[in-house]
Structure formats: structure tokens, C-alpha cells
Amino acid sequence: MSSIKIFAVHVHNCVSETKINESSFKHSINNSQLQQPSLDLITTDKAQRMAEFFSFLGDANRLRILSLLATEELCVRDLAHVLEMSESAVSHQLRNLRAMRLVSYRKQGRNVFYSLHDSHVLHLYQAVAEHLDEE
């Protein structure tokens, strides 16, 4: 038998096997009780808001502030000292963090103390930090 005929027979057999496998696959799918996967696709609007949120967190100074507030409540003066930034610059970042509901504040006399807004912010910070520490 020539090599061309052998090749043609081989191709024909492969095509036949493929058709059988496809039809038996379709048959098994139709006869089984497959459940549709739950597709929780977020809306375009929510995806846009999330992208803006993550973009907002792309600032190193904001993340440094969050890292300090993840451990304790601090005032602007203490944050500025530890971060080696001006109080004005820290206040500006805190104002932005408050607007995004990432930090909260409380007044005690003339001092204003900042902390993370809620446990979601802490968990988000911790999850990203742990992810980056993985090898």
C-alpha cells in the first residue's frame, strides 16, 4: 500500500473517531443532570468603580498611611512624623482616603485621630500584603 493511501486511511479513521467521540460526548451531556455554573459577572458600572478604587490605592503614600492605621489609630502629626511627610501632605491624603471611605476619624479635644473605616479595609490591606509576601 502506498504511503498516500495509508495516510488517507489514517485521516479517515481519525475523523470517524472524532465524530463518534463528539456524538457520545453530546449524548452524555444531554442525558446528564449538569448544573449551569453560576456566572456572577459584575456590571460595567461596578467594574468601572472598582477600577477607580484600585487605581486610587495605587499611590504609595496612601498605602503607607493605611499600613500604619492598620495597626493603630493615629493623629496627623504622628503620621507625618513617622512617614517623614509634611502635616499638610498627610492631611491631603487623609481627606482623599476619607472621601473613598477607607479611613474614619474621631475628635478628642483639638486632636483628630484617624483609623481604618471598617474591617473590610483591614482585610483588603492584609490580603494584598500577604499575597505580595508569598513566594
Side-chain angles (χ1 to χ4, degrees):
M1 198 183 275
S2 74
S3 60
I4 295 175
K5 282 186 175 180
I6 293 172
F7 177 74
V9 169
H10 177 70
V11 169
H12 176 73
N13 288 340
C14 289
V15 170
S16 296
E17 285 179 26
T18 303
K19 286 180 182 177
I20 291 168
N21 289 338
E22 285 177 6
S23 67
S24 62
F25 177 72
K26 288 177 184 174
H27 179 72
S28 67
I29 288 177
N30 292 335
N31 290 337
S32 67
Q33 296 295 331
L34 292 179
Q35 291 184 359
Q36 289 287 65
S38 173
L39 299 176
D40 293 330
L41 180 63
I42 61 175
T43 65
T44 303
D45 179 58
K46 187 170 185 176
Q48 181 62 41
R49 290 189 347 248
M50 288 176 73
E52 290 169 3
F53 180 85
F54 283 115
S55 175
F56 177 79
L57 287 178
D59 182 273
N61 287 324
R62 290 182 193 133
L63 290 172
R64 292 175 70 215
I65 290 170
L66 291 177
S67 73
L68 292 171
L69 296 178
T71 58
E72 65 182 306
E73 180 181 72
L74 293 166
C75 66
V76 173
R77 184 183 66 245
D78 293 339
L79 285 165
H81 176 73
V82 172
L83 296 168
E84 298 178 346
M85 294 172 61
S86 70
E87 288 184 28
S88 174
V90 171
S91 291
H92 174 73
Q93 295 298 345
L94 287 167
R95 194 169 29 260
N96 289 330
L97 290 165
R98 268 194 358 245
M100 292 296 288
R101 296 183 320 140
L102 293 171
V103 299
S104 299
Y105 69 95
R106 70 173 179 86
K107 291 184 178 185
Q108 184 177 347
R110 291 176 30 139
N111 293 321
V112 179
F113 292 92
Y114 289 87
S115 60
L116 296 183
H117 182 69
D118 59 26
S119 63
H120 296 113
V121 178
L122 177 62
H123 293 138
L124 177 64
Y125 171 79
Q126 288 173 333
V128 172
E130 287 174 16
H131 176 72
L132 294 175
D133 289 341
E134 292 176 352
E135 290 188 18

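Nearest approach of A89 to S86, heavy atoms of both residues: N-OG, 3.0 Å. Across all their heavy atoms, V90 and A80 have their closest contact at CG2-CA, 3.7 Å.
Annotation: the span from L97 atom CG to L63 atom CG amounts to 9.0 Å, rounded to 0.5 Å. Interatomic distance, L69 CG to Y114 OH, rounded to the nearest 0.5 Å: 10.0 Å. Separation of atoms NE2 (H81) and SG (C75) is listed at 11.0 Å; rounding is to 0.5 Å.
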| Would K107 and V112 satisfy side chain to side chain contact (heavy atoms under 4.5 Å, CB included), going step by step from the backbone distance to the final call? | CA-CA 4 Å; K107 291 184 178 185; V112 179; 3.9 Å; yes

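Residue M100 qualifies as enclosed at atom CE: its count of foreign heavy atoms under 6.0 Å is above 12. Within 6.0 Å of atom CZ in F113, more than 12 heavy atoms from other residues, nucleotides or ligands are found, so the atom counts as buried in its surroundings.
Counting heavy atoms from C-beta on, the side chains of L102 and L116 never come closer than 4.5 Å. No side-chain heavy atom of R62 sits less than 4.5 Å from a side-chain heavy atom of L57.
For residues 47-60, the pairs satisfying salt bridge (Lys or Arg N to Asp or Glu O under 4.0 Å) are D45-R49, with sequence neighbours left out. Applying the salt bridge (Lys or Arg N to Asp or Glu O under 4.0 Å) test to pairs two or more places apart or on separate chains, none has a residue in residues 112-121. Identified under the salt bridge (Lys or Arg N to Asp or Glu O under 4.0 Å) test for residues 77-104, with sequence neighbours left out: none.
Considering only residues two or more places apart in sequence or on other chains, E73 meets the salt bridge (charged side-chain N to carboxylate O under 4.0 Å, His left out) condition with R106. Among residues two or more places apart in sequence or in another chain, the side chain to side chain donor-acceptor pair (under 3.5 Å) test is passed with S67 by none. By the side chain to side chain contact (heavy atoms under 4.5 Å, CB included) test, L41 is found to be paired with no residue, residues two or more places apart in sequence or in another chain being considered. By the side chain to side chain contact (heavy atoms under 4.5 Å, CB included) test, L68 pairs with L74, L79, V82, L83, sequence neighbours left out.
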If you look only at distance, which donor and acceptor atoms sit under 3.5 Å apart when one is on a side chain in residues 123-135 and the other is two or more places apart or in another chain?
unit_1, atom_1, unit_2, atom_2, d
H123, ND1, S119, O, 3.0

